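For clarity, every value in this text was computed on a predicted model and none was experimentally measured. Start at 1 with the first residue, then count along the sequence. Scope of the values below: all heavy atoms of this structure, side chains included, with no hydrogens, waters or symmetry mates.
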Amino acid sequence: MQIRQWDLNKDYIVLTNWCKKHNWDLPMPKESLPKLGIIIEDNKPLCAAGLFIDRYSNFGFMYGIFSCPEVSKIKLFKAMKLLVNSIKKEALKNKIKLIYTITGEDSLDKLYTKHLNMICCGTNVKSYIINLDKNKYKNLDWIKENDNNIK
């Protein structure tokens, strides 16, 4: 498997297609993704994640994980482990000491806690967004929990 930094001018279409194939309402707007991101490939892109970096602290936020739905679970598991470890390396290069991320996916929770030794910070967390440009971001379905995920 190969590791490379993403180029949103070329890779955003891949991320968008994955979102559609996963039946997500909308992908995250390109301009809202971090400039720094990693893609894992094996003849084709397998998975990706972005890393927001706060230049004024040692804190980063991993956004993702995006994945190709046609990849086998075993191959995707290996690619995702490589992806998170690559994000860690990028964080260290950028003097980041803490990486925060969120997920509602049980499979990612298992990957993070059992296989990557990440610490779960909370299980009953709700997330919120403040929309400061309602003209541009009229539809926030890309970030909202859809009705199919509510239990």
Side-chain angles (χ1 to χ4, degrees), residues 1-55 57-122 125-129 131 133 136-137 139-146 148-149:
M1 288 185 204
Q2 296 80 40
I3 305 161
R4 68 172 175 84
Q5 287 194 5
W6 70 18
D7 176 351
L8 289 176
N9 291 323
K10 296 176 186 174
D11 296 317
Y12 184 70
I13 190 72
V14 172
L15 302 177
T16 301
N17 287 334
W18 289 347
C19 291
K20 288 177 188 172
K21 289 177 182 177
H22 280 292
N23 293 320
W24 296 338
D25 294 327
L26 293 171
M28 184 177 198
K30 181 178 169 184
E31 67 273 7
S32 297
L33 288 167
K35 302 288 182 246
L36 178 58
I38 299 292
I39 291 193
I40 304 299
E41 297 177 320
D42 190 17
N43 297 320
K44 69 175 190 172
L46 304 175
C47 59
L51 181 63
F52 288 100
I53 296 172
D54 179 355
R55 295 281 178 214
S57 74
N58 65 354
F59 195 80
F61 180 79
M62 183 176 76
Y63 186 82
I65 294 177
F66 301 94
S67 65
C68 178
E70 292 101 12
V71 176
S72 73
K73 288 183 180 185
I74 292 171
K75 189 173 202 175
L76 189 57
F77 172 79
K78 291 176 183 176
M80 287 180 172
K81 281 181 66 174
L82 182 58
L83 176 65
V84 173
N85 286 324
S86 299
I87 288 285
K88 287 182 195 177
K89 287 178 185 173
E90 288 298 324
L92 288 171
K93 283 184 199 174
N94 285 278
K95 298 184 170 90
I96 299 298
K97 304 295 182 192
L98 298 166
I99 304 170
Y100 184 79
T101 193
I102 56 173
T103 187
E105 300 290 327
D106 290 338
S107 58
L108 285 179
D109 175 59
K110 185 176 178 181
L111 172 71
Y112 292 163
T113 58
K114 295 193 185 317
H115 300 282
L116 293 167
N117 299 317
M118 293 169 69
I119 299 164
C120 182
C121 300
V125 176
K126 294 186 179 194
S127 60
Y128 301 88
I129 191 164
N131 185 353
D133 190 346
K136 183 166 185 151
Y137 302 108
N139 185 338
L140 294 177
D141 284 349
W142 57 271
I143 199 165
K144 292 179 0 187
E145 183 174 54
N146 70 38
N148 297 330
N149 293 335

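- Smallest separation of non-hydrogen atoms from Leu76 and Val71: N-CG1, 3.7 Å.
- Between the CD1 atom in Ile53 and the CZ atom in Arg55 there is a gap of 5.0 Å [rounded to 0.5 Å].
- For Lys78, the NZ atom sits in a loose shell: 12 or fewer heavy atoms of surrounding residues, nucleotides or ligands are nearer than 6.0 Å.
- Sorted by first and then second residue, the side-chain hydrogen bond (donor to acceptor under 3.5 Å, both in side chains) pairs involving residues 10-19 (not counting sequence neighbours) are Arg4-Asp11.
- The closest donor-acceptor contact from the side chain of Asn94 to the backbone of Ile96 lies at 3.5 Å or more, if one exists at all.
- The side-chain heavy atoms of Leu83 and Phe66, taken from C-beta on, include no pair separated by under 4.5 Å.
- Side-chain N or O atoms of Thr101 include one that pairs as donor or acceptor with a backbone N or O of Met62 at under 3.5 Å.
- Taken to the nearest 0.5 Å, the OG1 atom of Thr113 stands 8.5 Å off from the CG atom of Leu111.
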query = So Leu15 and Trp6, side chain to side chain contact (heavy atoms under 4.5 Å, CB included) or not? Walk me through it.
reply = CA-CA 10 Å; Leu15 302 177; Trp6 70 18; 3.8 Å; yes

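- Contact check for Lys75 versus Ser72: side-chain heavy atoms found under the 4.5 Å cut-off.
- In terms of heavy-atom proximity, Ile65 sits nearest to Cys47 at CG2-CB, 4.2 Å.
- Atom NZ of Lys44 is surrounded by more than 12 heavy atoms from other residues, nucleotides or ligands within 6.0 Å.
- Within a 6.0 Å sphere centred on NZ of Lys30, heavy atoms belonging to other residues, nucleotides or ligands number more than 12.
- The line from CD1 of Ile87 to CG of Leu92 is 11.5 Å long, rounded to the nearest 0.5 Å.
- The structure places CG of Leu82 at 4.0 Å from CD1 of Ile3, a figure rounded to the nearest 0.5 Å.
- Between Phe52 and Tyr63, the two ring planes are perpendicular [angle over 60°; tilted spans 30° to 60°].
- From Lys35, atom NZ reaches atom CG of Leu51 across 13.5 Å, with rounding to the nearest 0.5 Å.
- Counting heavy atoms from C-beta outward, Leu116 and Asn85 have side chains that approach closer than 4.5 Å.
- Counting non-hydrogen atoms of other residues, nucleotides and ligands closer than 6.0 Å to CD1 of Ile74 gives a total of 12 or fewer.
- Counting only heavy atoms from C-beta outward, the side chains of Met118 and Val84 approach each other to under 4.5 Å.
- No donor-acceptor pair under 3.5 Å is formed between the side chain of Ser32 and the backbone N or O of Met28.
- Using modelled atom types, one finds no donor on one side chain facing an acceptor on the other under 3.5 Å when comparing Lys136 with Asn131.
- Two residues are said to be in side-chain contact when any heavy atoms from C-beta on lie closer than 4.5 Å; Met80 and Leu108 meet this criterion.
- For Tyr137, the side-chain hydrogen bond (donor to acceptor under 3.5 Å, both in side chains) partners two or more places apart in sequence, or in a different chain, are Glu31.
- For the residue pair Leu8 and Pro34, the shortest heavy atom distance occurs at CD1-O, 3.5 Å.
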request  = Verify side chain to side chain contact (heavy atoms under 4.5 Å, CB included) between Glu41 and Met1, making sure each step is shown before the conclusion.
outcome  = CA-CA 6 Å; Glu41 297 177 320; Met1 288 185 204; over 6 Å; no

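- The shortest non-hydrogen separation linking His22 to Ser67 is NE2-O, 2.9 Å.
- Ring geometry for His115 versus Phe77: interplanar angle over 60°, hence perpendicular rather than tilted (30 to 60°).
- The residues Glu70 and Lys21 are annotated as salt-bridged, a charged nitrogen and a carboxylate oxygen being separated by less than 4.0 angstrom.
- Residues Gln5 and Glu90 approach most closely at NE2-OE1, 3.2 Å, considering heavy atoms.
- With sequence neighbours excluded, no residue forms a salt bridge (charged side-chain N to carboxylate O under 4.0 Å, His left out) with Lys81.
- Ala79 and Ile40 make their closest contact through O-CG1, 3.6 Å (heavy atoms, listed as atom of the first residue, atom of the second, distance).
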task = Assess whether side chain to side chain contact (heavy atoms under 4.5 Å, CB included) is satisfied between Ile102 and Phe61, documenting all intermediate values.
result = CA-CA 9 Å; Ile102 56 173; Phe61 180 79; 4.1 Å; yes

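- Side chain of Ser57 to backbone of Phe59: a donor-acceptor contact under 3.5 angstrom is found.
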